[in-house]
Undergrad: 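Handing you a structure now.
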Amino acid sequence: MISQLIETPLCWVMVVTAWFTYQSIFISLGKQRRDSMDTQDSASNEMIPNVLVGALPLMGLLGTISGLQLSFTGMMSQGIDSQLVTKGIADALFTTQLGLVLAIPGWLLMALANRKRSPSLLQNRQGA
């Protein structure tokens, strides 16, 4: 599993994207604690993590498609009993799993950030 993570460039892209997304969410949560952000700034800061968290499962799907493509190409050129076929299927399953494993904590963190933002939005609307 570690070798698949190291050898597949798409996995690195997914891990870096998840790291950037989690960092953005934590920064957003820190700004909400200071309660100094206005609502327009807050909405624009949360758009990027939302898009990136939504992109993580799609990156996993991209890995699935490329892994299956590698498998079918291997079957076509070397027959069914090749290691290329099993490697392609393993890559397909691993990237799908990695995309979901990285996206689920992001969705949970976004839900937490939205929940913490909601009371400040209500206060701003009542104060205006």
Undergrad: Are Val101 and Leu61 connected into the same hydrophobic cluster when the rule is that any two of I, L, V, M, F, W, Y join if their side-chain heavy atoms are below 4.5 Å apart?
TA: no
Undergrad: Which pair of heavy atoms, one from Ile6 and one from Trp12, lies closest together, and at what distance?
TA: O-NE1, 3.1 Å
Undergrad: Can you name the nearest heavy-atom pair linking Leu29 to Ala113, along with the distance?
TA: CD2-CA, 3.6 Å
Undergrad: Provide the full list of salt bridge (Lys or Arg N to Asp or Glu O under 4.0 Å) pairs with a residue in residues 17-26, sequence neighbours left out, each pair given once.
TA: none
Undergrad: Of all residues at least two apart in sequence or in a different chain, which pass the side-chain hydrogen bond (donor to acceptor under 3.5 Å, both in side chains) check with Thr96?
TA: Thr64
Undergrad: Between Ile104 and Leu58, is there a shared hydrophobic cluster once you connect ILVMFWY residues whose side-chain heavy atoms come closer than 4.5 Å?
TA: no
Undergrad: For the CD1 atom of Ile48 and the OG atom of Ser28, what is their distance to the nearest 0.5 Å?
TA: 11.0 Å
Undergrad: I'd like to check the side-chain contact (heavy atoms from CB on, under 4.5 Å) partners of Leu62; sequence neighbours left out, ordered by chain and number.
TA: Leu10
Undergrad: Can you run down the salt bridge (Lys or Arg N to Asp or Glu O under 4.0 Å) pairs that involve residues 54-77, sequence neighbours left out, and say none if there aren't any?
TA: none
Undergrad: Taking all atoms of both residues into account, what is the closest heavy-atom pair of Met14 and Leu98, and its distance?
TA: CE-C, 3.7 Å
Undergrad: For residues 83-99, which residue pairs pass the salt bridge (Lys or Arg N to Asp or Glu O under 4.0 Å) check, not counting sequence neighbours?
TA: Lys87-Asp91
Undergrad: Working note: Tyr22 + Leu109, criterion side chain to side chain contact (heavy atoms under 4.5 Å, CB included); need CA distance, chi angles, decisive distance, verdict.
TA: CA-CA 8 Å; Tyr22 297 162; Leu109 285 172; 4.1 Å; yes
Undergrad: Phe72 vs Val85, test: side chain to side chain contact (heavy atoms under 4.5 Å, CB included). Steps then yes/no.
TA: CA-CA 7 Å; Phe72 289 126; Val85 173; over 6 Å; no
Undergrad: With a 4.5 Å cut-off on side-chain heavy-atom distances among I, L, V, M, F, W and Y, is there a chain of contacts connecting Ile65 to Leu68?
TA: no
Undergrad: Under a single-linkage definition using a 4.5 Å side-chain heavy-atom cutoff for Ile, Leu, Val, Met, Phe, Trp and Tyr, are Leu100 and Phe94 assigned to the same hydrophobic cluster?
TA: no
Undergrad: Do Trp19 and Ser24 come within less than 4.5 Å of each other through their side chains, counting heavy atoms only?
TA: no
Undergrad: Taking only residues two or more places apart in sequence or in another chain, which ones pass side-chain contact (heavy atoms from CB on, under 4.5 Å) with Thr17?
TA: Val13, Thr21, Leu52, Leu56, Met59
Undergrad: So which atom in Gly106 and which in Ile25 form the shortest heavy-atom distance, rounded to 0.1 Å?
TA: O-CD1, 3.9 Å
Undergrad: With hydrophobic residues grouped by side-chain heavy-atom distances under 4.5 Å, do Val15 and Phe26 end up in a single group?
TA: yes
Undergrad: Do the side chains of Gln69 and Thr73 get nearer than 4.5 Å, heavy atoms only?
TA: yes
Undergrad: Heavy atoms only: give me the nearest Gly88-Leu70 pair and the separation to one decimal.
TA: CA-CD2, 3.9 Å
